[in-house]
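Here the structure comes first, spelled out in structure tokens, and everything after it is commentary.
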Amino acid sequence: MNQNLQNPDIPAPGYAAPVRLRWWEIRQLELQGCSADDWDQILISPDTDLHGIVNVRFGGRVTVEGGARLRDIPGGIHNCRIGRDAVVENTARIEFEPEAPCGVGISISTLDESGSRPVIAYPGISSQTATLMARVPSWLEHNLATSLQDFLDSRAVPHEIGDRAVVRDCGRLLNVSVGAGASVVGARSLVNGAIVNNAAPGREIAFVGSGVDAENFIIEDGKADSGCIIRNCYIGQGAELEKGFTAHDSLFFANCSLENGEACAVLAGPYTVSMHKASLLIGCQTSFMNAGSATNMSNHMYKLGPVHWGVLERGVKTSSGAYIMLGAKIGAFSMVMGLHKTHPDSSSFPFSYLFGDERGATVVVPAAMLRSCGLMRDEKKWPTRDRRLKRRLPLHDRVSFNVLNPFTVNSMLKAIDTISELLTEPAFDDLYIRHKGMKFTRAALERAKFLYTMAIYKYLSLTLPDGKLPPSDGAHAEEWVDLGGQLIPRPTLDLVLATDSPAEAERLLDEAFEKYGEAQTLWIGRRFGKWWREHESEIPSGARQFDELVEDDRQEYLESFSKENRMLAL
């Protein structure tokens, strides 16, 4: 492919180079309903069966490789290469304008919609680098400014319908590069985009389907189908948008599944799922999220425009009809129910239930999700549902699947300290204890302290096979960050932010991903101090108690499910 980027007329090894047609070949094509602005600009490989080229108009310089089949293209094929064994049939028009970027370098105004946090998209962008651009805009503005254009040039896509690609039953394709092996079937209109396939032949997943209307986009090893409307979007590896989903200024990374609803300015990290009509995700960052039906968000309070945005940390779920007024920050693996209008920041209390009361205030039941049997099920199912696997493609997004990890455990350790302080305070007249705009009952806080402690024991038992805390080297325990699905220590993040090249940033992130276990052990030695070391012998029993809580929840669910089945039986 790189060879053809420089000169599309250079054939693949072992194949005949495209050449100008002889007069009788031109005559044959004309009898088959073909025409050209200038036949001298049309190059066709000698091993191409001309009987497979019917009712096609050629404009500008066009190269057709061997085995290609072209039929019924009334608006013509203009200024491009048609790859070996490609199929283009019943399509209104395919055209490339000179120097068209084909989606590479599009600016996606994610999160706050104002364009102040742009993500510059290109083939190969990862969830991690996109998160850095959006969350730390100074990195893009200052560090990458001088090298970005050269980097984008290195990621340029050819003006072609690639080898083995299929374009069938479509409307217009204007400045749309279709990569080798990719398929476009039934698309309504595609403008300024790239459909990139990195998978091995026969394992392709890059696909654009019926009724899709897209402009300014990159679809890389992903899928858009069944009437999607896409503007200024990146759809990444294993991600699927279908059933009329509408999206603009959004990015969707590994294995996202979105149907029926709408996304606006969303940075959707790995495994973000929204399947229902009337669900609106807007101005937020997510990962491992599951949005219930009619989930809604607002980022516009009619003062300064749609500048508000929020973060739903990994694993957040929303119930049917949930509403969040942004800005807000929801703690990891929490369940959001009802209406939340007070801009809650529950990041200090992961694994919580968040209820919206009648006034839109947020009532928090911390740690309640920890005993859910569904939580552990999620951790096991995510890797099995990775659509990128067995495709023989380079994986761009680094995904850390562990529910209990340094990021969530550190939040729980902080929560235990916060709860201890809150329990010394008197409740208000309504019997709630208040903190950062959230409301807690005393009983919920006391229960949460116990659940967080048991979950930490479980984490230590999973991470330390011998049940012994590693010695501390005396250094300060660094904070961990969830960077678009990858867990890294903050010093690593600082190193990445000091780079001036996306390639170097990716290299550092790859290195951190490979050394996750080593860094985690080092962090445990530094983070767990005197109290935990004095109670080290309780790790096995605490872990067993945690497992018993989860099993109790599972049994309660099964008993309830059995009762429902008996109720519904004939």
For the pair [X] and [Y], name the ring-plane relationship: parallel under 30°, tilted 30 to 60°, perpendicular over 60°.
X      : Y      : value
Tyr557 : Phe561 : parallel
Phe349 : Phe440 : tilted
Trp523 : Trp480 : perpendicular

Would you say the side chain of [Y] lies within less than 4.5 Å of the side chain of [X], judging by non-hydrogen atoms?
X      : Y      : answer
Leu241 : Ile235 : yes
Val212 : Glu242 : no
Val208 : Val185 : no
Met133 : Pro118 : no
Ile433 : Arg442 : yes
Phe407 : Leu483 : no

Looking at every heavy atom in both [X] and [Y], which two are closest together, and how far apart are they?
X      : Y      : value
His396 : Ser126 : O-CB, 3.2 Å
Val403 : Glu379 : N-OE2, 2.6 Å
Ile108 : Ala121 : CD1-CB, 3.9 Å
Ser346 : Ile330 : OG-CA, 3.4 Å
Ala224 : Ile230 : CB-CD1, 3.7 Å
Pro394 : Asn198 : CD-CB, 3.9 Å

Salt bridge flag under 4.0 Å for residues [X] and [Y]:
X      : Y      : result
Lys243 : Asp225 : no
Glu506 : Arg398 : yes
Arg388 : Asp386 : yes
Arg371 : Asp553 : yes

Rounded to the nearest 0.5 Å, what separates atom [atom1] in [X] from atom [atom2] in [Y]?
X      : Y      : atom1 : atom2 : value
Leu422 : Glu446 : CG    : CD    : 11.5 Å
Met369 : Lys317 : CE    : NZ    : 6.0 Å
Leu132 : Leu509 : CG    : CG    : 6.5 Å

Donor-acceptor under 3.5 Å ([X] side chain, [Y] main chain):
X      : Y      : answer
Thr492 : Ile488 : no
Asn197 : Ala206 : no
Thr272 : Gly269 : yes
Glu220 : Gly124 : yes
Asp249 : Ser109 : yes
His343 : Gly327 : yes
Asp345 : Ser347 : yes
Arg203 : Lys390 : yes
Asp397 : Ser127 : yes
Asn402 : Leu404 : no

Does Tyr234 form a ring pair (Phe, Tyr, Trp, His ring centres under 6.0 Å) with Phe253? I'd like the steps, not just the answer. CA-CA 8 Å; Tyr234 174 87; Phe253 291 97; 5.5 Å; yes

May I have the step-by-step check of side-chain hydrogen bond (donor to acceptor under 3.5 Å, both in side chains) for Gln555 and Glu551, ending in yes or no? CA-CA 6 Å; Gln555 291 302 321; Glu551 182 59 24; 2.7 Å; yes

Around atom [atom1] of [X], are there more than 12 heavy atoms of other residues, nucleotides or ligands at under 6.0 Å?
X      : atom1 : value
Tyr432 : OH    : no
Arg554 : CZ    : no
Lys381 : NZ    : yes

Any donor-acceptor pair under 3.5 Å linking the side-chain atoms of [Y] with those of [X]?
X      : Y      : value
Thr362 : Lys439 : no
Asn296 : Tyr323 : no
Ser257 : Arg387 : yes
Asn216 : Asn192 : yes

Verify side-chain hydrogen bond (donor to acceptor under 3.5 Å, both in side chains) between Glu479 and Asn410, making sure each step is shown before the conclusion. CA-CA 8 Å; Glu479 182 186 8; Asn410 192 53; 5.6 Å; no

Can you list the residues that meet the ring-ring contact (aromatic ring centres under 6.0 Å, His included) rule with Tyr452, with sequence neighbours excluded?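 Tyr452 satisfies ring-ring contact (aromatic ring centres under 6.0 Å, His included) with no residue once adjacent residues are dropped.
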
Looking at Phe428, does the NZ or CZ of Arg434 lie under 6.0 angstrom from its six-membered ring centre and within 45 degrees of the ring axis?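 Relative to the ring axis of Phe428, which defines the angle, Arg434 lies inside both limits.
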
When you measure from the centre of the six-membered ring of Phe546, is the NZ or CZ of Lys458 under 6.0 Å away and within 45° of the axis?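 Verdict for Phe546: no cation-pi partner in Lys458.
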
Phe288 ring center within less than 6.0 Å of Phe333 ring center: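 That pair fails the under 6.0 Å test.
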
